[in-house]
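Worksheet for the structure shown next.
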Amino acid sequence: MKVKVCGMRDSDNVQQLLQEIKPDWMGLIFYPKSSRYVSAELSEELKNTEVSKVGVFVNESIETILSTIEEFNLSVIQLHGSESPAYVSELNAKTDKRIWKVVSVAEEIDWEYLREYVDLVEYFLFDTATPAHGGSGKKFNWTVLESYPFEKGFILSGGLDEDSAKEILDLAKKLPQLKGVDLNSKYEDAPGVKNIGKLRNFKKKLIGSF
Ligand SMILES: O=C(O)c1ccccc1N[C@@H]1O[C@H](COP(=O)(O)O)[C@@H](O)[C@H]1O
């Protein structure tokens with residue numbers, strides 16, 4: 001089970017995260033309306049960090065995504081809006097970076113619609129539907145995932161907290177396609193500043209000692 005820690009931007013906090021938690025991915029939010037927004041001025045200090053960086057975008061122009069990939073040395077693009085299969089196809093044609101498509105879950109999931117993305121993305125990422133697009137700190141009802149019909153791996157997100165580890169491990173037994181988890185607002189002392197102790201506790205519960 002892999003771990004992504006999202007919404008990072010504070011230099012000291014980033015260094016602590018990388019040294020003590022060693023996440024598989026570090027998420028940077030490039031949605032201007034987010035309280036965790038990462039502005040271009042931070043590119044110099046973040047671009048050389050030794051971790052796979054996931055850029056989170058909401059209905060952004062392809063040109064902006066392409067320039068941000070270069071500025072921040074991103075490895076993965078997380079599309080957190082209503083980007084269509086045609087948009088994802090176009091982005092794929094213009095970059096070799098991996099793409100994750102977020103599925104914002106309200107009640108039911110239209111699996112047939114998602115089928116159109118299967119060959120275009122590395123992972124789906126399931127998050128709770130919210131007017132702010134993400135970072136709500138709320139869980140959705142994970143039982144909707146029990147009918148997940150694809151072999152394609154996915155990431156679980158949305159309000160995951162320190163108490164979620166056992167439930168996540170139970171879900172992974174039923175759904176081996178669950179490849180990773182995304183931790184964000186429930187681990188924050190302030191927007192964009194993560195509590196390293198909370199992250200350590202969660203990772204121990206999820207993966208054992210590390
Ligand atoms: O965190 C944000 O501010 C944000 C804003 C807009 C789109 C996505 C955002 N974050 C993503 O939201 C999910 C869930 O976060 P949470 O655990 O509910 O706080 C996560 O994938 C973040 O990448």
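Values in this document were obtained by computation on a predicted structure and should not be read as measured data. Remember, it's 1-based here, ligands and their atoms both numbered in the order they're listed. Residue numbers count from 1 along this sequence.
The pair Glu162-Lys186 does not count as a salt bridge, with every side-chain nitrogen at least 4.0 angstrom from each carboxylate oxygen. A salt bridge does not link Glu71 to Lys47: none of the charged side-chain nitrogens sits closer than 4.0 Å to a carboxylate oxygen. Ion pair Lys174/Glu146 flagged as a salt bridge, since at least one NZ, NE, NH1 or NH2 atom sits closer than 4.0 Å to an Asp/Glu carboxylate oxygen.
Among all non-hydrogen protein atoms, the one lying nearest atom 23 (O) of ligand 1 is Cys6 SG, 3.0 Å. At the shortest separation from atom 21 (O) of ligand 1 among protein heavy atoms lies Asp182 OD2, 2.5 Å. The single protein non-hydrogen atom nearest to atom 15 (O) of ligand 1 is Asn184 ND2, 3.3 Å, given as residue, atom name and distance. From the protein, the heavy atom lying nearest to atom 3 (O) of ligand 1 is Ser34 OG, 2.6 Å. When hydrogens are left out, the protein atom nearest atom 6 (C) of ligand 1 is Tyr31 CD2, 3.6 Å; that is the closest non-hydrogen contact.
Between the side chain of Arg36 and the backbone N or O of Leu28, no donor-acceptor pair lies under 3.5 Å.
Not a single heavy atom of Gly7 lies less than 4.0 angstrom from ligand 1. In this structure, Ser136 counts as a contact residue of ligand 1, since one of its heavy atoms falls inside 4.0 Å of the ligand. Using 4.0 Å as the threshold, Arg36 has a heavy atom nearer than that to some atom of ligand 1. Taking 4.0 Å as the cut-off, Lys4 counts as a neighbour of ligand 1 on heavy-atom distance.
Connection of Val58 to Val76 is not established within any shared hydrophobic cluster, with ILVMFWY side chains joined at heavy-atom distances below 4.5 Å, either directly or through further cluster members.
Between Phe150 and Tyr148, the ring-plane angle classifies as perpendicular under the 30° and 60° cut-offs.
Close N/O approach between His133 and ligand 1 is not found [any backbone or side-chain N/O within under 3.5 Å]. In terms of polar-atom proximity, Gly135 is counted as a contact of ligand 1, with an N or O under 3.5 Å from an N or O of the ligand. Below 3.5 Å of separation, one finds an N or O of Gly159 facing an N or O of ligand 1. Considering backbone and side-chain N/O atoms, Leu125 never comes within less than 3.5 Å of an N/O atom of ligand 1. Of the polar atoms of Ser157, at least one N or O is found under 3.5 Å from an N or O of ligand 1, judged by distance alone.
Ring pair Phe57/His80: centre-to-centre distance not below 6.0 Å. Between Tyr31 and Tyr37, the distance separating the two ring centers is not shorter than 6.0 angstrom.
Interface atoms of ligand 1 facing Asp127, defined by a heavy-atom separation under 4.0 Å, are 12 (O), 13 (C), 14 (C). Against a heavy-atom cut-off of under 4.0 Å, His80 is close to the following atoms of ligand 1: 7 (C), 8 (C), 11 (C), 12 (O), 13 (C), 21 (O). Listed by atom number, the atoms of ligand 1 under 4.0 Å from Gln78 heavy atoms are 21 (O), 23 (O). Listed by number with element, the atoms of ligand 1 under 4.0 angstrom from any heavy atom of Ile29 are 1 (O), 2 (C), 4 (C), 9 (C), 10 (N). Heavy-atom proximity to Ala132, at under 4.0 Å, picks out these atoms of ligand 1: 6 (C).
Heavy atoms only, all atoms of each residue included: Pro85 and Tyr113 are closest at CD-OH, 3.4 Å. A pairwise comparison of heavy atoms in His133 and Ser104 identifies O-OG, 4.5 Å as the closest pair.
For atom 16 (P) of ligand 1, the choice among Ser185, Gly192, Pro32, Ser164 with the nearest heavy atom turns out to be Ser185.
Heavy atoms of other residues, nucleotides or ligands lying less than 6.0 angstrom from CG of Asp119 number 12 at most. Remark: Lys2 NZ is loosely packed, at most 12 non-hydrogen atoms of other residues, nucleotides or ligands lying under 6.0 Å away.
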